[in-house]
Each structure stands twice: as C-alpha cells, then as structure tokens.
*Asks:* 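Here it is: the structure, laid out below.
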Amino acid sequence: MPQATVHLLRHGEVHNPDGVLYGRLPEFHLSERGREMARMLADHFVARAGEGAKIVHLVASPLTRAQETAMPTAEALNLEVTIDPRIIEAENHFQGLHPTKSEFLKPKHWIYFRNPLRPSWGEPYKQQAARVLAAVEDARLKAIELGGDGAEAILVSHQLPIWSTRLTAEGRPLAHDPRKRECTLTSLTSLTLDDDGNIIRVEYSEPAAALLPGAASTPGA
C-alpha cells in the first residue's frame with residue numbers, strides 16, 4: 001500500500017527590524033540570513049533527492065516569507081510552487097504590535113485573554129490544525145499521483161499552524177507555552193502517512209541548525 005511523506009517546513013528568518021508580531025501582514029520578506037536558510041534547505045532536499053527521495057510536490061503559504069523560502073528548492077528540484085491559503089499563518093488580534101509585556105497588559109487587550117486554551121486572542125488551535133491537515137491530505141494524494149509509493153511533498157508554512165498540527169498528530173493537548181514550541185526557523189516537521197491518510201510517523205529535524213544562533217526570535221503569531 002502506498003505511503004507518502006509530507007514535510008511541513010517553517011519559513012526562514014524574516015527582516016523585521018522593529019520586532020513587530022507580523023502575523024499575516026503583507027510584504028515581510030526574508031532577511032539575508034533567512035535567504036541563506038532557504039538555500040540551505042534547498043541543498044538539503046537536493047541531497048535527499050540524490051539519495052533516492054522522490055520529492056515531487058511543493059506548496060507554500062500565500063505570505064511572501066513562505067514563498068521566498070520555497071523558491072530555492074523549487075529552482076533546485078525544478079518544481080512549481082503551488083499556493084495554498086490553508087497553510088497561512090494564524091489569525092491574531094495582536095498582529096502588528098510589539099509583543100511586550102507592557103503592551104499585552106493594556107486594558108484594551110484584556111478581553112482577548114479570557115480563554116488562553118482556545119486561544120481567545122486569535123484563530124483556535126483546532127481550526128489551524130484542521131486546515132493544515134486538510135492541505136496535508138491533498139498534498140499526500142498529489143505526491144502519490146506524481147511519484148507513487150514513497151513520494152514526498154513539501155508545505156512551506158508558519159510556526160503556530162505547524163506546531164498545532166504536530167500536537168494534533170501526536171495526540172497531545174493543543175494549549176501550550178509559545179516559548180516551548182519545537183519548530184525553529186526552516187525546521188521540518190515530517191508526517192509519514194499510509195494509504196488511508198493516517199499519520200503513522202512524525203519526525204522533526206533542523207537542516208539549517210548552523211544558522212539558528214543569533215537568528216531573530218519574534219514569532220509571526
């Protein structure tokens with residue numbers, strides 16, 4: 001029975017000198033380090049393809065930083081980048097603000113903290129995971145159509161949707177401390193799925209780990 005692997009790739013470092021929580025705001029481009037991260041990921045996938053991996057399908061979020069992360073891999077493997085809005089960054093009330101304690105403590109924001117388990121300040125974790133998993137299923141089917149058993153697809157997305165998806169896949173609670181997400185810049189959360197679309201294995205790796213020291217830590221959401 002054919003299996004497929006779908007890699008959830010977080011985008012590279014973003015040029016964000018003001019340190020705002022950029023969320024879904026347009027025109028946030030990769031930094032120079034982010035572009036180097038994207039090139040390193042392309043080299044990683046080229047090496048895998050050289051070892052026999054069948055990487056046949058590439059998808060990116062509609063946001064600029066995700067598409068810029070995808071481009072070196074698209075060029076290296078001669079793949080077209082498909083845009084899928086289901087893997088976009090999470091909605092967030094605090095988008096565009098500086099994520100500081102003093103900002104969050106302003107009374108006008110208090111109502112958005114009424115249910116942190118949902119979370120009430122943005123798109124529910126369950127909703128994020130559901131839309132990404134739907135995109136994963138379509139990517140699995142497309143990969144098998146193009147490459148057969150063992151084919152692989154790459155989805156370039158964002159930290160919180162990827163983390164919510166991983167927690168769901170592993171049957172863990174969705175409420176979490178954002179500081180403890182295991183989803184660094186240009187990390188891979190790789191889901192192996194069976195012929196029925198069931199996730200049978202989750203693996204995590206950091207092909208661009210050498211570029212992480214000193215990278216910006218402001219999350220998109």
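No hydrogens, no waters, no symmetry mates; every other heavy atom, side chains included, goes into these values.
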*Asks:* Please check: side-chain N/O of E13 versus main-chain N/O of A216, any donor-acceptor pairing under 3.5 Å?
*Replies:*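 Side chain of E13 to backbone of A216, a donor-acceptor pair under 3.5 Å: yes, one is there.
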*Asks:* Which atom names give the shortest non-hydrogen contact between A38 and L30, and what distance separates them?
*Replies:*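 Minimum heavy-atom separation between A38 and L30: CB-CD1, 4.3 Å.
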*Asks:* Write down the atom of P161, the atom of A90, and the distance for their closest heavy-atom approach.
*Replies:*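 Heavy atoms only, the tightest pair is CG-N, 3.9 Å.
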*Asks:* When you check the gap from the basic side-chain N to the acidic O, do R33 and E36 get nearer than 4.0 Å?
*Replies:*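 Not counted as a salt bridge, because no side-chain N and carboxylate O are separated by less than 4.0 Å.
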*Asks:* I would like to know whether H109 and E103 meet side-chain hydrogen bond (donor to acceptor under 3.5 Å, both in side chains); could you show each step before the answer?
*Replies:* CA-CA 8 Å; H109 299 313; E103 178 64 49; 2.7 Å; yes
*Asks:* L193 and L141: same hydrophobic cluster, using ILVMFWY side-chain contacts below 4.5 Å?
*Replies:*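 Different hydrophobic clusters.
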*Asks:* Just checking I111: does its CD1 atom have more than 12 heavy atoms from other residues, nucleotides or ligands closer to it than 6.0 angstrom?
*Replies:*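 Open.
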*Asks:* Only one of V136, T192, L133, T168 forms a side chain to side chain contact (heavy atoms under 4.5 Å, CB included) with I199, so which one is it?
*Replies:*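 Among V136, T192, L133, T168, the one meeting side chain to side chain contact (heavy atoms under 4.5 Å, CB included) with I199 is L133.
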*Asks:* What pairs of residues pass the side chain to side chain donor-acceptor pair (under 3.5 Å) test when at least one of them lies in residues 41-57, not counting sequence neighbours?
*Replies:*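 Sorted pair list: R48-E152.
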*Asks:* By the rule that ILVMFWY residues connect when side-chain heavy atoms come within less than 4.5 angstrom, directly or transitively, which residues belong alongside L63?
*Replies:*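 Grouped by the 4.5 Å side-chain rule, I88 form the rest of the cluster around L63.
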*Asks:* Which distance, rounded to the nearest 0.5 Å, do you find between the CG of L211 and the CE of M40?
*Replies:*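 Going from CG on L211 over to CE on M40, the span is 4.0 Å.
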*Asks:* Out of curiosity, H158 NE2 to Y22 OH, how far, rounded to the nearest 0.5 Å?
*Replies:*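 That separation rounds to 9.0 Å.
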*Asks:* With rounding to the nearest 0.5 angstrom, report the CD1 to OG distance, I83 to S61.
*Replies:*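 So the CD1 of I83 and the OG of S61 are separated by 7.5 Å.
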*Asks:* Write down the atom of P99, the atom of L21, and the distance for their closest heavy-atom approach.
*Replies:*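 Distance-wise, the nearest heavy atoms are CD-N, 4.0 Å.
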*Asks:* Could you give me the CA-CA distance, side-chain angles and deciding distance for E182 and R166, then say whether salt bridge (Lys or Arg N to Asp or Glu O under 4.0 Å) is met?
*Replies:* CA-CA 10 Å; E182 188 180 37; R166 178 176 171 183; 2.7 Å; yes
*Asks:* Measure across F104 and F113 and return the closest heavy-atom pair with its distance rounded to 0.1 Å.
*Replies:*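 Scanning both residues completely, I find the closest heavy atoms to be O-CE1, 3.5 Å.
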*Asks:* Does the side chain of H7 reach to within under 4.5 Å of the side chain of F45, using non-hydrogen atoms?
*Replies:*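 Yes, side chains in contact.
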*Asks:* Please report the shortest heavy-atom distance between V81 and A74, naming the atom on each side.
*Replies:*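 Distance-wise, the nearest heavy atoms are CG2-CB, 3.6 Å.
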*Asks:* Is the backbone N or O of P116 less than 3.5 Å from a side-chain atom of W121, with the two atoms forming a donor-acceptor pair by type?
*Replies:*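 Not confirmed, W121 side chain does not pair with P116 backbone.
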*Asks:* With distance as the sole test, does D149 use its side chain to make a donor-acceptor pair with the main-chain N or O of Q3 at under 3.5 Å?
*Replies:*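 Yes, D149 side chain to Q3 backbone: donor-acceptor pair under 3.5 Å.
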*Asks:* Is there a donor in the side chain of T184 and an acceptor in the side chain of E206, or the other way round, less than 3.5 Å apart?
*Replies:*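 Yes, side-chain donor-acceptor contact under 3.5 Å.
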*Asks:* Heavy atoms, side chains only, cut-off 4.5 Å: are Q95 and L25 in contact?
*Replies:*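 The answer is yes; the side chains approach within 4.5 Å.
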*Asks:* Has R118 got a side-chain atom pairing as donor or acceptor with N115's backbone, closer than 3.5 angstrom?
*Replies:*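 Not at all, since once roles are kept as given, no pair shorter than 3.5 Å links the two residues.
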*Asks:* Going through the distances and angles, do R65 and E68 end up as a salt bridge (Lys or Arg N to Asp or Glu O under 4.0 Å)?
*Replies:* CA-CA 5 Å; R65 59 190 186 268; E68 290 179 347; over 6 Å; no
*Asks:* Cluster question for you: counting only ILVMFWY and a side-chain heavy-atom cut-off of under 4.5 Å, with indirect links fine, are M37 and V46 together?
*Replies:*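 Each belongs to a different hydrophobic cluster.
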*Asks:* Which residue pairs pass the ring-ring contact (aromatic ring centres under 6.0 Å, His included) test when at least one of the two sits in residues 185-217, sequence neighbours left out?
*Replies:*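 Those involving residues 185-217 do not exist here.
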*Asks:* Quick one: do V20 and V14 end up in the same hydrophobic cluster if we chain Ile, Leu, Val, Met, Phe, Trp and Tyr together by side-chain heavy atoms under 4.5 Å apart?
*Replies:*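 Linked within one cluster.
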*Asks:* Please report the shortest heavy-atom distance between A175 and L117, naming the atom on each side.
*Replies:*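 A175 and L117 have their closest heavy atoms at CB-CD2, 3.4 Å.
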*Asks:* Determine whether I162 and L160 fall in the same hydrophobic cluster, where Ile, Leu, Val, Met, Phe, Trp and Tyr are linked whenever their side-chain heavy atoms lie under 4.5 Å apart.
*Replies:*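 I162 and L160: separate clusters.
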*Asks:* Can V6 and L155 be said to form a side-chain contact (heavy atoms from CB on, under 4.5 Å), step by step?
*Replies:* CA-CA 7 Å; V6 178; L155 274 58; 3.6 Å; yes
*Asks:* For E89, is there any backbone N or O sitting under 3.5 Å from a side-chain donor or acceptor partner on R24?
*Replies:*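 Between the backbone of E89 and the side chain of R24 there is a qualifying donor-acceptor contact (under 3.5 Å).
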*Asks:* Please round to the nearest 0.5 Å and tell me the distance separating atom CG of L77 and atom OG1 of T73.
*Replies:*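 Atom-to-atom, L77:CG and T73:OG1 are 6.5 Å apart.
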*Asks:* Is atom CZ of R179 surrounded by more than 12 heavy atoms (other residues, nucleotides or ligands) closer than 6.0 Å?
*Replies:*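 Open.
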*Asks:* Regarding E170 and R201, does a basic nitrogen lie under 4.0 Å from an acidic carboxylate oxygen?
*Replies:*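 Salt bridge between E170 and R201, a charged N being under 4.0 Å from a carboxylate O: no.
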*Asks:* Say you draw a straight line from OG1 of T5 to CD1 of I154; how long is it, rounded to the nearest 0.5 Å?
*Replies:*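 Reported value, rounded in 0.5 Å steps: 11.0 Å.
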*Asks:* With a 3.5 Å distance limit and no angle check, can you tell me whether R10 reaches the backbone of T186 through a side-chain donor-acceptor pair?
*Replies:*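 Here the side-chain-to-backbone pair does not exist.
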*Asks:* Verify the neighbour count for atom CG of D177: are there more than 12 heavy atoms of other residues, nucleotides or ligands below 6.0 Å?
*Replies:*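 Above 12, so yes.
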*Asks:* So how far is it from L174 CG to S164 OG, rounded to the nearest 0.5 Å?
*Replies:*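 The OG atom of S164 is 6.0 Å from CG of L174, to the nearest 0.5 Å.
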*Asks:* Answer yes if I55 and M71 sit in the same cluster of Ile, Leu, Val, Met, Phe, Trp and Tyr residues linked by side chain heavy atoms under 4.5 Å apart, and no otherwise.
*Replies:*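 Yes, I55 connects to M71 through the hydrophobic network.
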*Asks:* Is the ring pair Y125/H176 parallel, tilted or perpendicular, if the boundaries are 30 and 60 degrees?
*Replies:*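 The rings of Y125 and H176 sit tilted, inter-plane angle from 30° to 60°.
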*Asks:* Is it the case that the ring center of Y112 lies less than 6.0 angstrom away from the ring center of H93?
*Replies:*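 Aromatic pair counts; centres sit under 6.0 Å.
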*Asks:* T64 and H29: side-chain donor and acceptor closer than 3.5 Å?
*Replies:*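 Looking only at side-chain atoms, H29 and T64 do not form any donor-acceptor pair under 3.5 Å.
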*Asks:* Determine whether more than 12 heavy atoms belonging to other residues, nucleotides or ligands lie under 6.0 Å from atom NE2 of H98.
*Replies:*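 Correct, the count exceeds 12.
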*Asks:* Looking at V156, I87, V132, L188, which one forms a side chain to side chain contact (heavy atoms under 4.5 Å, CB included) with L8?
*Replies:*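 Single pass found, and it is V132.
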